[in-house]
Amino acid sequence: MEARTLELVFPEHTNPLGAAFGGFVLGLMDKVGSYAAARRAKKPVVTVAVGGVEFKVPIRTGDLLEVVAKVVRVGRTSLTVEVEVYKERFGQEDGRVLATKGELTYVAVNERGQPVPVDEHAGAD
C-alpha cells in the first residue's frame with residue numbers, strides 16, 4: 001500500500017539560512033506515512049516509532065517536495081512504512097532528488113486507542 005503528496009516549502013518552514021526545519025520534514029513524513037498505514041490497516045493508526053531518518057541534501061525555500069510512503073512490513077498490530085522525500089527545484093537541471101528518507105512504525109487502534117490486529121475485521125473489536 002502506498003500514499004503520496006506534494007508540498008511547497010515556504011519561508012515559515014525554514015531557518016534563517018533558508019533550509020527547511022527537520023521537524024517540518026518529519027511532520028510531512030509522519031502524516032503521509034500514517035495515510036499509507038491506515039489505508040493498509042483499514043483502520044486508524046498511531047505513530048509508535050521513527051527510525052533511521054537520513055537528511056541527505058538540504059531542502060530550501062521554494063523547493064517542491066514529493067513525499068512517498070510505502071508499507072514494507074505488516075505485523076500483528078504494527079505496520080512499518082518506508083518514507084522518501086524528493087525535492088524538485090523549478091528551472092534546475094538536477095530535477096527530482098531524494099532529499100530525506102526514513103522508516104516509521106504505526107500501530108492499528110480501535111476507537112478507544114487500544115492496539116488491534118491489522119487484519120481483524122473492523123466490527124470485531
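Just so it is clear, the values below take in all heavy atoms, side chains as well, and ignore hydrogens, waters and symmetry mates.
In this structure, the side chain of Y106 engages the main chain of D30 through a donor-acceptor pair within 3.5 Å. Judged by distance alone, the side chain of R76 and the main-chain N or O of V118 form no donor-acceptor pair under 3.5 Å. Proximity of a side-chain donor or acceptor of D63 to a complementary backbone N or O of R60 within less than 3.5 Å is detected. No side-chain donor-acceptor contact under 3.5 Å links K87 to the backbone of V57.
Applying the under-4.5 Å side-chain rule to Ile, Leu, Val, Met, Phe, Trp and Tyr, the cluster around L17 consists of that residue alone.
Across all their heavy atoms, R112 and N110 have their closest contact at N-OD1, 2.9 Å. Considering all non-hydrogen atoms of both residues, A36 and A69 come closest at CB-O, 3.8 Å. Annotation for L8 and G62: closest pair CD1-O, 3.6 Å, computed over non-hydrogen atoms.
Using a 4.5 Å heavy-atom threshold, the side chains of V67 and R4 count as separate. Put simply, the side chain of L104 does not reach to within 4.5 Å of the side chain of T80, judged on heavy atoms. A 4.5 Å side-chain heavy-atom check between V81 and V72 finds every atom pair outside the cut-off. Between F21 and N15, some side-chain heavy-atom pair lies under the 4.5 Å cut-off. The shortest side-chain heavy-atom distance between T77 and V116 does not fall under the 4.5 Å cut-off. In this structure, L28 and V85 have side chains that are not in contact, with every pair of non-hydrogen atoms separated by 4.5 Å or more. Within the 4.5 Å cutoff, the side chain of F55 has heavy atoms near those of the V25 side chain.
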Criterion side-chain contact (heavy atoms from CB on, under 4.5 Å) on F24 and M29, from CA distance to verdict: CA-CA 9 Å; F24 166 70; M29 294 172 72; over 6 Å; no
Evaluation steps, side-chain contact (heavy atoms from CB on, under 4.5 Å), between E88 and V97: CA-CA 6 Å; E88 185 175 343; V97 175; over 6 Å; no
Intermediate values then yes/no, side-chain contact (heavy atoms from CB on, under 4.5 Å), L79 and V45: CA-CA 9 Å; L79 303 100; V45 297; 4.3 Å; yes
Step-by-step side-chain contact (heavy atoms from CB on, under 4.5 Å) determination, I59 to L65: CA-CA 9 Å; I59 294 171; L65 304 182; 3.6 Å; yes
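By the criterion of side-chain heavy atoms lying less than 4.5 angstrom apart, applied directly or through intervening Ile, Leu, Val, Met, Phe, Trp or Tyr residues, V68 is not grouped with V53; the two fall into different hydrophobic clusters. No continuous path of hydrophobic side-chain contacts links Y35 to V107 [ILVMFWY only; heavy atoms under 4.5 Å]. In this structure, V83 is a member of the same hydrophobic cluster as V74, with clusters built from ILVMFWY side-chain heavy atoms closer than 4.5 Å.
Side-chain N/O atoms of T105 and R73 include no donor and acceptor closer than 3.5 Å. A side-chain donor from one of Y86 and E84 sits under 3.5 Å from a side-chain acceptor of the other.
K43 has no carboxylate O lying under 4.0 Å from a charged side-chain N of D119, or vice versa, which leaves the two without a salt bridge. Using a 4.0 Å cut-off between charged side-chain N and carboxylate O, R96 and E66 make a salt bridge.
With rounding to the nearest 0.5 angstrom, the OG1 atom of T100 is 9.0 Å from the CD atom of E54.
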